[in-house]
J.: 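Mind looking over this structure? Questions follow.
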Amino acid sequence: MDNHLDLHSELLLEQFHELLPRLKELEQQVVDKLTTTLSRMSISLNTVEHRIKTEQSFIGKLERKGQKYKDINDVTDLLGVRVVTFFTDDVDRVAAIVKELFRVDWKNSVDKRKRHDLTSFGYSSLHYICRLYEGELSNIAFEVQIRTVLQHAWSAMEHDIGYKGSVKLPPEFQRQFSRLAGMLELADDEFSRLRTTMSRYTRDLQNLVDSGRLDKVPLNNNTFSDYLKTRPFDRLNHRIAAVNQAEIVSVSLLPFCEVFEGFGFKTLGDVDTFVRENEEDAYQLALTGLAVTDLDILSEYVGVQNLCFVYVLKDGGGRSAIKAVYDTIYGEQKTNAPLADTVIKKARNLSFMNQL
């Protein structure tokens, strides 16, 4: 064998070859257990990487420090799993899950984040040496690394640039590394802080929606989605459906957020006022079409769509404005212009048109 191993290291290499099938089985169990639990806990991850140390890599390890190991079970990183999170606070969440799932060897584990000092560069991650709690594979150690995506990127760039090499860098290069590391560390912290702030803001908006203080809630896709949970168009839809005893089919009403933004609405309060002020006229407009048909299936679009048409007509809009509503909801189609003409024709004799 073309290597420079002593007899003891050669024996360790033979043990490694014998252990490989069990390492592959362990890899499958560990990764399945970890990814299933992380998914169930809804922790958003960048990647979960895993590998069994290659023979060449293991030989290199033995050449450097083969005498450190009495037997193959003393080598703790033959199987490695790396969990890369988006946020720093998720590192601790993943760590808590790892401690629940596996038996951690605290003596050989290390939180390198706590070793971070002013003279060190780059990022450190959390390294746990683990074993399964039970089973025939429970005597084999494996390593779980947990780091953020920015820490992971730094590590990769650091390795590619060669900073960890044997050549001692001049002080000005060391200062560049230090500044860059500090910037990325700050970015990591700020991203986590921003997520916390955004979560709090979202909860505050939800509370405003729940309490009916809609004029304080800005209109956007997220807040409109929360508003739709209050079922603001149900009363109108049920009134319209009752004309022909029709069934109402559920559909997403999110496309109407863009329509409302086009109307110039700024808050959910604007939308709520729009519904209250135009509900009766929208009902009358819907009747002009349904009264002469036997339609018994209607989508949830029916109420809000007629509300939009009434609003456009009251605002002085004509064919092009109604077509724009159709274009926004359904996409630009040749049939949208004739449909707009039909709406105008049906609305012509309604009371709200005579009052304009």
J.: Show your working on side chain to side chain contact (heavy atoms under 4.5 Å, CB included) between L13 and H17 and close with a plain yes or no.
T.: CA-CA 6 Å; L13 185 59; H17 290 148; 3.9 Å; yes
J.: Please identify each residue that fulfils ring-ring contact (aromatic ring centres under 6.0 Å, His included) with Y301, with sequence neighbours left out.
T.: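 Partners of Y301 under the ring-ring contact (aromatic ring centres under 6.0 Å, His included) test: F256, Y330.
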J.: Does some side-chain heavy atom of D272 sit less than 4.5 Å from a side-chain heavy atom of Y227?
T.: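 Y227 vs D272: side chains touch.
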J.: I'd like to check D71 versus L11 (side-chain heavy atoms, cut-off strictly below 4.5 Å). Are they in contact?
T.: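 SC-SC contact between D71 and L11 ruled out.
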J.: Do D270 side-chain atoms and T267 backbone N/O form a donor-acceptor pair below 3.5 Å?
T.: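 Such a contact is found between D270 side chain and T267 backbone.
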J.: Would you say the side-chain atoms of D315 pair up with the backbone N or O of Y311, donor to acceptor, closer than 3.5 Å?
T.: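 Not a single qualifying donor-acceptor pair exists.
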J.: Using the ring-ring contact (aromatic ring centres under 6.0 Å, His included) criterion, which residues pair with Y69? Sequence neighbours excluded.
T.: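 Once residues adjacent in sequence are excluded, Y69 has no partner under the ring-ring contact (aromatic ring centres under 6.0 Å, His included) criterion.
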J.: Do the non-hydrogen side-chain atoms of R93 and I97 ever get within less than 4.5 Å of each other?
T.: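 No, side chains not in contact.
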J.: Set out, in order, the CA-CA distance, both residues' side-chain angles and the distance that settles side chain to side chain donor-acceptor pair (under 3.5 Å) for R276 and T273, then state yes or no.
T.: CA-CA 5 Å; R276 285 187 285 101; T273 299; 3.2 Å; yes
J.: Quick one: pull up CG in N306 and CG in L236 and give me the separation to the nearest 0.5 Å.
T.: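 Here the interatomic distance stands at 7.5 Å.
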J.: How does the hydrophobic cluster around I248 look, that is, which other residues are in it when side-chain heavy atoms under 4.5 Å mark a link?
T.: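 Once heavy-atom contacts under 4.5 Å are chained together, I248 still belongs with nothing else.
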J.: Under the salt bridge (Lys or Arg N to Asp or Glu O under 4.0 Å) test, which residues partner R348, sequence neighbours left out?
T.: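 Counting only residues at least two positions away or on another chain, R348 forms no salt bridge (Lys or Arg N to Asp or Glu O under 4.0 Å).
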J.: Name all residues meeting the ring-ring contact (aromatic ring centres under 6.0 Å, His included) criterion together with Y128; count only those two or more places apart in sequence or in a different chain, and write none if there are none.
T.: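 Partners of Y128 by the ring-ring contact (aromatic ring centres under 6.0 Å, His included) criterion, ordered by chain and then number, come out as W106.
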J.: Who pairs with E332 by salt bridge (Lys or Arg N to Asp or Glu O under 4.0 Å), at least two apart in sequence or on another chain?
T.: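 E332 satisfies salt bridge (Lys or Arg N to Asp or Glu O under 4.0 Å) with no other residue.
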J.: Got R51 and E49 here, is their nearest side-chain heavy-atom distance under 4.5 Å?
T.: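 Not in contact.
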J.: Taking the side chain as C-beta and beyond, is there a heavy-atom pair between D77 and H127 under 4.5 Å?
T.: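 Answer no - side chains too far apart.
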J.: Could you give the distance from CG (L26) to CG (L137), rounded to the nearest 0.5 Å?
T.: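 If I round to the nearest 0.5 Å, the distance is 5.5 Å.
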J.: Check whether any side-chain heavy atom of F191 lies under 4.5 Å from a side-chain heavy atom of L150, and answer yes or no.
T.: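 Yes - at least one pair of side-chain heavy atoms lies under 4.5 Å apart.
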J.: Do L79 and I140 pass the side chain to side chain contact (heavy atoms under 4.5 Å, CB included) test, and can you show the C-alpha distance, the side-chain angles, and the key distance before you say yes or no?
T.: CA-CA 9 Å; L79 169 60; I140 307 174; over 6 Å; no
J.: Considering all heavy atoms of both residues, which atom of P232 and which atom of V275 are nearest to each other, and what is their separation?
T.: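 Heavy atoms only, the tightest pair is O-CG1, 4.1 Å.
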J.: One thing to verify: whether K323 and D327 come together as a salt bridge, which I'm taking to mean a side-chain N less than 4.0 angstrom from a carboxylate O.
T.: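 Yes.
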J.: For the pair K68 and D74, find out whether any cationic side-chain nitrogen is under 4.0 Å from an anionic carboxylate oxygen.
T.: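 No, this pair does not count.
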J.: Do side-chain atoms of S138 reach the backbone of G135 as a donor and acceptor pair under 3.5 angstrom?
T.: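 Yes.
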J.: Can you list everything that forms a side chain to side chain donor-acceptor pair (under 3.5 Å) with S109? Sequence neighbours excluded, please.
T.: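 By the side chain to side chain donor-acceptor pair (under 3.5 Å) rule, S109 matches no residue at all.
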J.: Taking side chain to side chain contact (heavy atoms under 4.5 Å, CB included) as the test, write out the residues that go with S44, two or more places apart.
T.: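 Side chain to side chain contact (heavy atoms under 4.5 Å, CB included) list for S44, sorted by chain: F86.
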J.: Which distance, rounded to the nearest 0.5 Å, do you find between the CG of L45 and the CG of D90?
T.: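 Answer rounded to 0.5 Å: 7.5 Å.
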J.: Does the plane of the ring in F263 sit parallel, tilted or perpendicular to the ring in F260? Use 30° and 60° as the thresholds.
T.: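 It falls in the tilted class, 30° to 60°.
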J.: Testing the basics here: between S250 and E300, what is the closest heavy-atom pair and its distance to 0.1 Å?
T.: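 Nearest heavy atoms, S250 then E300: CA-OE1, 3.3 Å.
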J.: Check the pair L78 / I72 against side chain to side chain contact (heavy atoms under 4.5 Å, CB included), numbers first and verdict last.
T.: CA-CA 9 Å; L78 294 177; I72 196 67; 3.9 Å; yes
J.: T35: what forms a side chain to side chain donor-acceptor pair (under 3.5 Å) with it, not counting sequence neighbours?
T.: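 Counting only residues at least two positions away or on another chain, T35 forms no side chain to side chain donor-acceptor pair (under 3.5 Å).
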J.: Salt bridge (Lys or Arg N to Asp or Glu O under 4.0 Å), that's the test. Do R235 and E279 meet it? Break it down for me.
T.: CA-CA 9 Å; R235 185 173 65 177; E279 183 172 350; 2.8 Å; yes
J.: Should E63 and L5 count as side-chain neighbours, where that means a heavy-atom distance under 4.5 Å?
T.: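 Yes, side chains in contact.
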J.: Backbone N or O of G303 within a donor-acceptor pair of the N237 side chain at under 3.5 Å?
T.: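 Side chain of N237 to backbone of G303, a donor-acceptor pair under 3.5 Å: yes, one is there.
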J.: Can you name the closest pair of heavy atoms from K314 and D281 and give their distance?
T.: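 That would be NZ-OD2, 2.7 Å.
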J.: Do the side chains of E25 and R22 get close enough for a salt bridge, i.e. N-O under 4.0 angstrom?
T.: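 Between R22 and E25 there is no salt bridge, as every charged N stays at least 4.0 Å from the carboxylate O atoms.
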J.: Could you tell me which residues satisfy ring-ring contact (aromatic ring centres under 6.0 Å, His included) with F142, sequence neighbours excluded, listed by chain and number?
T.: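 For F142, the residues satisfying ring-ring contact (aromatic ring centres under 6.0 Å, His included) (neighbours in sequence not counted) are F102.
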J.: Identify the heavy atoms of D341 and R319 that sit nearest to each other, and give their distance.
T.: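 The answer is OD1-NE, 2.7 Å.
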J.: So, using side chain to side chain donor-acceptor pair (under 3.5 Å) as the criterion, who are the partners of Q28 when residues are at least two apart?
T.: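 For Q28 the side chain to side chain donor-acceptor pair (under 3.5 Å) partners, ignoring immediate neighbours, are D32.
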J.: What distance do T148 atom OG1 and D89 atom CG have between them, rounded to the nearest 0.5 Å?
T.: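 Answer rounded to 0.5 Å: 10.5 Å.
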J.: So do the side chains of L62 and H8 get within less than 4.5 Å of each other, counting heavy atoms only?
T.: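 SC-SC contact between L62 and H8 ruled out.
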J.: Which heavy atom of I344 sits nearest a heavy atom of G318, and at what distance?
T.: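 Between these two residues, the closest heavy atoms are CD1-C, 3.9 Å.
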J.: Under the side chain to side chain contact (heavy atoms under 4.5 Å, CB included) rule, what do E55 and L20 come out as? Steps first, then yes or no, please.
T.: CA-CA 10 Å; E55 177 181 311; L20 269 177; over 6 Å; no
J.: What about I129 and V31, same hydrophobic cluster or not, with Ile/Leu/Val/Met/Phe/Trp/Tyr joined at side-chain heavy-atom distances under 4.5 Å?
T.: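 No, separate clusters.
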J.: L126 and side-chain contact (heavy atoms from CB on, under 4.5 Å): which partner among I146, V110, V98?
T.: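 Among the candidates, only I146 passes.
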J.: For T223 and N220, what are the C-alpha separation, side-chain angles and deciding distance, and is it a side chain to side chain donor-acceptor pair (under 3.5 Å)?
T.: CA-CA 5 Å; T223 59; N220 57 52; 3.3 Å; yes
J.: Could you see if Y133 belongs to whatever hydrophobic cluster contains V30? Use Ile, Leu, Val, Met, Phe, Trp, Tyr and a side-chain cutoff under 4.5 Å.
T.: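 Hydrophobic grouping puts Y133 apart from V30.
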J.: Run the numbers on D189 and S192 for side chain to side chain donor-acceptor pair (under 3.5 Å), then give the verdict.
T.: CA-CA 5 Å; D189 290 342; S192 288; over 6 Å; no
J.: Any chance you could measure L313, atom CG, to L285, atom CG, to the nearest 0.5 Å?
T.: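 Result: 7.5 Å between the selected atoms.
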J.: Specify the closest pair of heavy atoms between P21 and E18, including all atoms of both residues, with the distance to one decimal.
T.: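 Closest approach of P21 to E18: CD-O, 3.4 Å.
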J.: If we ignore hydrogens and angles and just use 3.5 Å, is the side chain of S225 paired with the main-chain N or O of N221 as donor and acceptor?
T.: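 No, because the side chain of S225 does not come within donor-acceptor range (under 3.5 Å) of the backbone of N221.
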J.: Can you list everything that forms a salt bridge (Lys or Arg N to Asp or Glu O under 4.0 Å) with R239? Sequence neighbours excluded, please.
T.: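 E280.
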J.: State the CD-CG distance between Q245 and D296, to the nearest 0.5 angstrom.
T.: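 One finds 10.5 Å between CD of Q245 and CG of D296.
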